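Quantities reported herein were computed from a predicted structural model and do not represent experimental measurements.
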2 protein chains.
Amino acid sequence: MASPKIVRMTAPRLRDVAQLAGVHPATASRALNPQTRQQVNADTARRVLRAAESIGYQPNPIARSLKTARTGTVGLVIPDLTNPLFPPIVRGIEDVLTPAGYNAWIVNTDNDPQREEAQVEALRSRQVEGLIVATARRTHPLLARLHRQGVKMVLVNRRVDGLELPSVTADDDAGIGLAVAHLVGLGHTRIAHLAGPQHTSTGVSRARAFRHALIDHGLPDDPALTVECGYWSESEGARGLRRLLDGGRAFTAVVAGNDLIALGCYDVFAERGMTCPDDVSVVGFNEMPYLDKMRPPLTTVAIPHYEIGAEAGRLLLDTIDEPDRYPRSVLLAPSLVVRASTTPAPCDAASR
Amino acid sequence: MASPKIVRMTAPRLRDVAQLAGVHPATASRALNPQTRQQVNADTARRVLRAAESIGYQPNPIARSLKTARTGTVGLVIPDLTNPLFPPIVRGIEDVLTPAGYNAWIVNTDNDPQREEAQVEALRSRQVEGLIVATARRTHPLLARLHRQGVKMVLVNRRVDGLELPSVTADDDAGIGLAVAHLVGLGHTRIAHLAGPQHTSTGVSRARAFRHALIDHGLPDDPALTVECGYWSESEGARGLRRLLDGGRAFTAVVAGNDLIALGCYDVFAERGMTCPDDVSVVGFNEMPYLDKMRPPLTTVAIPHYEIGAEAGRLLLDTIDEPDRYPRSVLLAPSLVVRASTTPAPCDAASR
DNA sequence: TTGTAGGCGTTATCAT
DNA sequence: ATGATAACGCCTACAA
């Protein structure tokens, strides 16, 4: 005598579990939730869990979110995923968030404020619980507004002027210090800086660090030897170096704002028949992948990408858990990776 | 006489809009939804829209999803975000999905089946409406199961044996054909292949295309000149080339399964004091970024990354809209980018 | 054309 | 310890 069985083709719901275990849905809910499980008789709980298991019950996160107003998601706002700097950061973030029960939405803004606004709007409408933002500019009305509205966020790599937000950045001062010390140690005295965009905190702090480092080494700080790039990109790096070369001031080494800017220099060297490092030494920043296979392999300042992501994840979790905690920021120490793009300055130090 | 105003600190809801417009929430709902707007008096609709606008109403997608059982999200399953192949593909996907009202969740599996299963589970529990999968292996129980369960998906770059799923791939046959023809044109007759993993369809199809191309050019197909790499990675490329070199069979050129495998060869050249292309010419596949700055700049088969993503997005939308449509697959034409890693074969053709 | 009512699946708050 | 009930915000037959 086969027992009749009604087959539901949709996913099993809480009430199915409850029915099977012979309890009320509310009880099943309590039994299933580790937080509230001790409110329920151990035997009952076991029965419910077995029932859930047996029919493959998975709670519907949408219904849960509607009720609890929590989604277990955070947004990741990245300026440009094709910049190889970010994947390891993303990885670090995920490795921290996943065990805490959060998932991350990654969005790409392509350095376009309009696109950024739309993307952030999409994230908010999907009720993310917090934001990790890598697109900060020094003046950033959108982020300022979000902050005022109480959106929880953590900045990565860059900061916003006058906004007290938790952030994780590399220690630019230390990193540029390493780069300059390395070049000075090689005998360079005329060192140029291809600065990143000065509307980003990182562009500014690296430029400032560069000036300080020159002074520390007793070198003159010639403003003509610092040129700003409009973006953190190869093409802007190339433009910057052309301006530097056309400026007529002699220099034997370049500290680039980041690796992409440094790689842009390589294009100009090719254009003008110059060779690196013989004509000009170059140092990058970030230690992006594949630098060891470049022509020449690029000397650079390495930063702990993965750890930056992991720290950002931790800060965001803290911010979500304790909204009133005073914003901490984390500074991570860089290190220098010496490769073949730097070499001792020519003896005729005034050359080039 | 200021009108009293009750201030809600939470997001405005449909009922707030309705109240402000002096209509029932149901009417407001209809007015707000373009699909049902013509059911409502044009004036009323206008009033509702203005009311919504004025208080910045955004429908709560969670409540909507609970009701409609649709989420407007799809999952993107990527083996390794640090592979620069993927960002432009992701971009293409997003550019197609966004206008259609969908957002994409990106997850990273790191080539780890366990992690993949967990990530896919997370996506499904968040009720994504479809999956774009770039991690397919030729035998892939997880994907087979998902397919049986009716999960809508599109494969990118790789396929699953015996599973009729829509897919978007580069035309491997044509691409490898270009590479081999180029090398033959340069006089190479002993050409090796560093094949990608044979558990991926791409690895197999490129290896098969390689054999066919040799035959087409009347060259002997020496099995000892094909070596399989365990992953699509630099380190496996390096291992493969070492095995090839240690095998004692002469060859003057290598067709690598992809760019990363090709770059792995560069490491071995450095190790063994060989120079590329003088000792061995190398061709890659994919045209990943920065190849032009490598030492030497890598000749490679370029594929339209962005278009691959865009096509995948379109296929998925089709699959969602017309679930019963017969699975189409799209093959995109590659092109050859000649750089400095390939050069005419040495006159002494039997050398090396 | 508009309003009514019920429900999507879960959980929080009562009461028992 | 468990059950009943309502509510999260929205949508949609159905009724008016």
Side-chain angles (χ1 to χ4, degrees), chain A residues 8-49 51-52 55-73 101 124-129, chain B residues 8-49 51-52 55-73 101 124-129:
Chain A
R8 254 179 73 84
M9 274 316 295
T10 62
R13 294 154 305 170
L14 182 58
R15 76 177 58 153
D16 301 322
V17 176
Q19 202 171 331
L20 192 58
V23 297
H24 191 274
T27 308
S29 171
R30 285 186 280 251
L32 257 7
N33 189 328
Q35 297 286 324
T36 50
R37 188 168 302 154
Q38 82 296 352
Q39 294 174 24
V40 68
N41 182 297
D43 267 357
T44 318
R46 232 185 321 272
R47 232 175 42 246
V48 170
L49 288 174
I55 60 175
Y57 169 75
Q58 292 288 119
N60 180 329
I62 296 182
R64 174 179 286 169
S65 291
L66 183 59
K67 180 65 190 172
T68 59
R70 303 196 47 251
T71 56
T73 62
R124 293 195 67 194
S125 83
R126 292 202 183 275
Q127 323 276 54
V128 296
E129 292 182 43
Chain B
R8 257 180 69 86
M9 275 316 295
T10 63
R13 293 154 305 170
L14 183 59
R15 76 176 60 150
D16 301 321
V17 176
Q19 201 171 332
L20 192 58
V23 298
H24 192 274
T27 308
S29 171
R30 284 187 280 252
L32 257 8
N33 188 330
Q35 298 285 324
T36 51
R37 187 168 302 155
Q38 83 295 352
Q39 295 174 22
V40 69
N41 182 298
D43 266 357
T44 319
R46 234 187 318 272
R47 236 177 36 247
V48 170
L49 288 175
I55 59 174
Y57 170 74
Q58 293 288 119
N60 180 329
I62 295 182
R64 172 180 286 168
S65 292
L66 185 57
K67 178 66 188 172
T68 61
R70 303 193 48 249
T71 56
T73 61
R124 293 196 67 196
S125 83
R126 291 200 183 277
Q127 323 275 55
V128 295
E129 293 182 42

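When rounded to the nearest whole Å, the span between CG of Leu14(B) and C1' of dC8(D) equals 14 Å. Per the geometry, CD belonging to Gln127(A) stands 13 Å off C1' belonging to dC10(D), to the nearest Å. Between the P atom of dG9(D) and the CG atom of Asp16(B) lies a distance of 9 Å, rounded to the nearest Å. Rounding to whole angstrom units, CD1 of residue Ile55(A) and P of dG9(C) are separated by 13 Å. Protein atom CD of Gln35(B) is 12 Å distant from nucleotide atom P of dC11(D), rounded to whole Å. Atom-to-atom, CZ of Arg15(B) to C1' of dA5(C) comes out at 14 Å; the value is rounded to the nearest Å.
Arg124(B) meets the side-chain hydrogen bond (donor to acceptor under 3.5 Å, both in side chains) test with Gln149(B); sequence neighbours excluded. Residues passing the side-chain hydrogen bond (donor to acceptor under 3.5 Å, both in side chains) test with Arg126(A), sequence neighbours excluded: Asn103(B). Residues satisfying the side-chain hydrogen bond (donor to acceptor under 3.5 Å, both in side chains) criterion with Thr73(B), sequence neighbours excluded, are Thr71(B). Scored by the side-chain hydrogen bond (donor to acceptor under 3.5 Å, both in side chains) test, Ser29(B) finds no partners at all (sequence neighbours excluded).
Within residues 24-33 of chain A, the residues having any heavy atom closer than 4.0 Å to DNA chain C are, in order of number, Ala26(A), Ser29(A), Arg30(A). Shown for residues 37-48 of chain A: residues whose heavy atoms fall under 4.0 angstrom of DNA chain D, namely Gln39(A), Val40(A), Asn41(A), Thr44(A). Sorted by residue number, the members of residues 57-67 of chain A with any non-hydrogen atom under 4.0 Å from DNA chain D read Leu66(A), Lys67(A).
More than 12 heavy-atom neighbours from other residues, nucleotides or ligands sit within 6.0 angstrom of CD on Gln127(A).
In this structure, the helix from dT1(C)-dA16(D) to dT16(C)-dA1(D) shows an angle of 40° between the axis at its start and the axis at its end, each fitted on 5 base pairs and rounded to 10°.
Residue pairs meeting the side-chain hydrogen bond (donor to acceptor under 3.5 Å, both in side chains) criterion with at least one member in residues 60-70 of chain B, sequence neighbours excluded, are Arg70(B)-Tyr102(B), Arg70(B)-Glu129(B). Identified under the side-chain hydrogen bond (donor to acceptor under 3.5 Å, both in side chains) test for residues 31-49 of chain A, with sequence neighbours left out: Asp43(A)-Arg46(A).
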